[in-house]
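The structure appears right after this line, and notes come after that.
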Amino acid sequence: MKKETKNKNTFERVYEIVKKIPVGKITTYGQIAHLLGNPHLSQVVGFALHSNPSQSTIPCHRVVNRFGALAEAFVFGGINEQRVLLENEGIKFLENGYVDLKQHMWYGD
DNA sequence: TTAATGACCTATC
DNA sequence: CGATAGGCCATTA
């Protein structure tokens, strides 16, 4: 017996939010978790992207940690690849290799 | 099946 | 002020 089918899990919630990120902007796991209602869901957010069931649909490269640094573990072909992707969208990187959160930090809608 | 981990963040001592 | 532990959800072994 299945339970309710329209039960939207937090996972899908994360996907919806990540997919809603406008081009040229980025967000952090904590921000998404906060939008979900629990700031501690940040772990789930990272896991959602890790599973990446819709890698082609979910711009994981737009999601960075709270420091504005990209997760070196999730880079598909190298951190450089991600930097190029973000720069291609108009995101500027700092000399330290971090993203300028003050410039592209996206706060939900 | 149970158990433990994980691309994290926040709160507390 | 600095460091530590906890927490939440789903996936994987």
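All chains are named by letter (A, B, ...) in the order of the sequence lines, taking the proteins before the strands, and each is independently numbered beginning at 1.
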d(OH, A:Y29; C1', B:dG6) in whole Å: 11 Å
Atom pair distance, as rounded to whole Å: CG in A:L101 and C1' in B:dC8: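 Going from CG in A:L101 over to C1' in B:dC8 covers 15 Å.
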Gap between atom NZ of A:K25 and atom CD of A:E89 - 0.5 Å precision: 12.5 Å
Please tabulate, one pair per line, all N/O donor-acceptor pairs under 3.5 Å involving side-chain atoms of residues 31-51 of chain A, not counting sequence neighbours.
none

A:F93, CZ atom: more than 12 neighbouring heavy atoms under 6.0 Å: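 Above 12, so yes.
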Short side-chain to backbone donor-acceptor contact, A:H104 and A:K92, under 3.5 Å: yes
Protein N or O to nucleotides 3-13 of chain C N or O, pairs below 3.5 Å:
| from | atom 1 | to | atom 2 | distance (Å) |
| --- | --- | --- | --- | --- |
| C:dC8 | O2 | A:H40 | O | 3.0 |
| C:dA10 | OP1 | A:N9 | ND2 | 3.3 |

Result of checking A:V99, A:V23, A:V18 against A:R62 for side chain to side chain contact (heavy atoms under 4.5 Å, CB included): A:V23
